[in-house]
2 protein chains.
Amino acid sequence: MATLSDVARRAGVSPATASRVINGSSKPVTDELRERVLAAVAELQYVPNAHAQLLARSHRSAVGVIVHDVSDPYFAEITRGLQRVATDQGRLLMICNSYRDPDRELEYVELLRGHQVAALILAGSGYHDEAFTRQLNEKLAAYEATGGRVAVIGRHEHSGDAVMPDNRAGGHLAGRELCELGHRAIGVVAGPRILTTTTDRLAGLRQALAEQGRELPEHRIRYAEFDRDGGAEATARLLDADPGLTAIVALNDSMAIGALATLRARSLAVPRQVSVVGFDDMPIARDVTPALTTVRLPLVDMGVRAMSLVLGAEAPAPRVEVLSAELIRRDTSGPAPAQRREATTSAPRARRADAAS
Amino acid sequence: MATLSDVARRAGVSPATASRVINGSSKPVTDELRERVLAAVAELQYVPNAHAQLLARSHRSAVGVIVHDVSDPYFAEITRGLQRVATDQGRLLMICNSYRDPDRELEYVELLRGHQVAALILAGSGYHDEAFTRQLNEKLAAYEATGGRVAVIGRHEHSGDAVMPDNRAGGHLAGRELCELGHRAIGVVAGPRILTTTTDRLAGLRQALAEQGRELPEHRIRYAEFDRDGGAEATARLLDADPGLTAIVALNDSMAIGALATLRARSLAVPRQVSVVGFDDMPIARDVTPALTTVRLPLVDMGVRAMSLVLGAEAPAPRVEVLSAELIRRDTSGPAPAQRREATTSAPRARRADAAS
DNA sequence: TCCCTGCGGGAAAGGGCTTTCTCTGCGGTA
DNA sequence: TACCGCAGAGAAAGCCCTTTCCCGCAGGGA
């Protein structure tokens with residue numbers, strides 16, 4: 001690899017001058033020397049060693065991002081928002097997938113810190129895990145102590161600024177909608193219970209039911225992976241245990257798609273026999289058939305805000321921005337079938353007649 | 001930020017010793033000193049400066065990857081394959097999204113070279129653009145000349161090893177299937193014509209029709225962006241121009257999903273009135289309704305192979321691995337409706353009666 | 001007893017770049 | 001003419017690590 005001094009030698013100038021030409025320094029250089037340097041760069045196909053540069057100018061310009069998985073639409077959208085702002089400001093993003101592994105999350109914080117990022121953004125649910133939360137907080141605090149900026153998206157329990165989708169309100173929206181449609185036997189296809197996102201959404205849902213004097217018994221909840229297959233499987237378990245269900249809330253859209261797959265496999269008509277409500281409003285939600293009723297979160301905006309917070313002026317105290325959820329009515333939700341309402345027992349098909357309550 | 005010498009000073013040892021402890025060097029260090037160093041590291045929350053490390057050990061270990069967009073399922077799957085191999089070998093991946101902007105692609109090659117990556121992988125279609133292709137090739141050659149390894153996925157026109165999905169055979173598969181189902185009025189929803197992927201797939205399709213003595217007239221092809229909205233829009237244009245179409249081939253699954261949306265909006269039954277065949281077999285293909293008939297490409301495997309090539313032994317000459325495509329029959333394809341076959345003119349609805357040929 | 005060996009540790013030389021500081025030579029003012 | 005100031009170029013001091021080379025010392029063989 002050609003180095004700067006190779007270029008300088010070839011151009012017959014000092015490395016200092018070469019550097020100035022290459023970086024468009026404010027220090028003036030005569031046109032003749034400039035030309036010579038540029039020519040040498042072209043001839044040698046010179047590319048500056050980024051590590052050496054980064055080391056020399058102790059600049060911190062890149063921003064580190066830790067997400068569950070960029071190719072998961074939820075995070076893809078958030079990342080889009082992050083990128084938009086970062087690009088505007090000429091910042092490079094270093095994106096890391098934690099695949100929801102707490103240890104990996106911790107490692108990535110170190111890694112990114114080691115890479116001298118100017119700021120750190122963690123997106124994705126927090127964990128109900130005291131020890132881990134404390135550890136992560138220590139690391140983040142240490143990073144902030146050295147001038148690093150931190151923002152989290154969708155997790156409240158950490159130091160630094162936070163952008164929070166209103167998961168609880170979203171859960172409430174879904175619950176209220178189904179209640180108003182007359183559903184009483186509502187099952188929930190939930191993500192891992194260790195995630196705060198799961199419990200927050202569940203809490204909102206529970207509250208909506210409570211307002212109608214109902215409750216959400218634990219046996220009507222199935223926890224599984226937060227993805228399509230998890231949703232399919234949880235739905236199957238739910239239906240096996242309680243065939244009288246008239247509605248299913250999936251705690252994210254991927255799971256909802258899995259739920260629809262299971263319902264289709266069992267020839268249950270959506271929404272005539274069973275309604276389905278998702279969560280997140282990922283782009284694909286409108287393209288499944290029937291189009292998915294879901295709770296929309298302003299994902300791109302969440303990314304934009306987080307990045308703005310972290311690149312903007314420092315605040316005396318951590319800021320929290322809550323972004324609200326919105327119900328998007330499409331075609332997977334409809335009135336509860338009269339004859340199926342509140343099929344309280346759980347024997348096979350037969351008992352769909354007893355309209356309870 | 002604490003530095004290595006801070007740690008060393010605090011532990012009362014030399015930086016050399018501190019470094020050895022921290023990196024688990026082969027050189028032995030007495031337990032007592034080791035303890036002291038480790039304690040100092042913990043107290044100072046020391047994290048080595050990655051740039052300094054990378055500069056000091058001139059090790060090239062990371063691998064650069066340039067894709068269109070990681071959150072596009074096509075590339076997400078490929079990336080999964082790349083990751084798998086890279087992780088196994090303890091390599092870090094630097095992933096860059098070019099968003100199909102040739103200039104950005106060129107920039108990223110430089111950027112990654114500047115970051116001293118051990119290898120470079122470019123995934124995604126090539127361009128029909130001589131000037132660009134030449135430029136990129138020069139850059140890649142310069143990189144290879146300094147010991148860098150290069151592999152491309154899905155583009156043939158560059159130096160370095162190549163992993164090629166058999167786009168042409170895939171197009172042929174789709175075309176033959178539709179011919180066998182009796183379709184004669186076949187429209188194509190294509191990606192940008194500047195992409196070699198588009199033209200390769202189209203060529204295969206054309207060949208399949210030619211084998212049946214048919215041809216694919218240019219007016220039955222609509223070029224648009226390689227995404228859902230592009231597919232929806234192209235389908236609309238296609239249908240406007242030629243309402244007698246009984247089948248649509250979309251040149252990737254995202255476009256196929258857009259096509260399904262347009263068909264649904266126009267109340268055209270799939271596959272009864274119109275068949276649809278996609279391309280790629282992204283995960284979502286099985287979850288749309290009707291489930292998408294498509295041409296499967298071994299995306300993950302493509303990633304695995306490319307990374308293996310690039311991290312494996314160097315070959316005297318560039319290698320090319322061609323991976324074959326496979327037709328996946330699902331529910332969007334069916335026999336051509338008898339009365340709609342080969343509606344050759346293009347006036348409005350009325351002429352669906354003339355069953356030609 | 002002397003020399004050699006080997007081990008644990010430190011000094012110091014990079015690695016490639018940026019940037020401050022220094023130096024030279026020129027034009028302009030007193 | 002003598003001096004000042006400044007523009008343009010280079011020398012050199014870092015930036016933070018890794019790693020080679022070297023040194024001192026203790027133990028073992030002759």
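Below, read A as the first sequence line, B as the second, and so on, with proteins coming before strands; counting in each chain starts at 1.
- For the pair B/R134 and B/E130, the salt-bridge criterion is not met [side-chain N within less than 4.0 Å of a carboxylate O].
- Contact annotation: A/T17 reaches the phosphate of D/dG10 (side-chain N/O to OP1 or OP2, under 4.0 Å).
- Between A/Y46 and C/dC17, a side-chain N or O to OP1/OP2 separation shorter than 4.0 Å is present.
- The existence of a salt bridge linking A/D88 and A/R84 is excluded, since no basic side-chain nitrogen approaches an acidic carboxylate oxygen closer than 4.0 Å.
- With DNA chain D read from its 5' end, the first of the two nearest nucleotides for B/L55 and A/A16 is the one closest to A/A16.
- For the pair A/M1 CE and C/dC17 P, the interatomic distance rounds to 8 Å; values are reported in whole Å.
- Contact annotation: B/S14 does not reach the phosphate of C/dA11 (side-chain N/O to OP1 or OP2, under 4.0 Å).
- Residue B/R20 places a side-chain atom within donor-acceptor reach of the base of C/dG10, judged by atom type and a 3.5 Å distance cut-off alone.
- Nucleic acid contact class of B/S19 (heavy atoms, under 4.0 Å, all strands): base.
- The pair A/R104-A/E107 does not count as a salt bridge, with every side-chain nitrogen at least 4.0 angstrom from each carboxylate oxygen.
- B/E144 and B/S159 share a donor-acceptor pair across their side chains, judged by distance under 3.5 Å alone.
- The CG-C1' distance, from A/D6 to C/dG15, rounds to 13 Å in whole Å.
- DNA chain C is contacted by both A/A2 and B/A18; B/A18 maps to the nucleotide lying nearer its 5′ end (nearest heavy atom per residue).
- Between C/dA11, C/dG14, C/dT19, one nucleotide has an atom nearer to the side chain of B/A56 than all others, and that is C/dG14.
- The side chain of B/A52 sits closest to D/dC17 out of D/dG10, D/dC17, D/dG8.
- One finds no side-chain N or O of B/N49 lying less than 4.0 angstrom from the OP1 or OP2 phosphate oxygen of D/dC15.
- Using a 4.0 Å heavy-atom cutoff across all strands shown, A/L33 reaches sugar-phosphate atoms only and no base atom.
- Atom CG of A/L4 and atom P of C/dC17 are 5 Å apart (whole Å).
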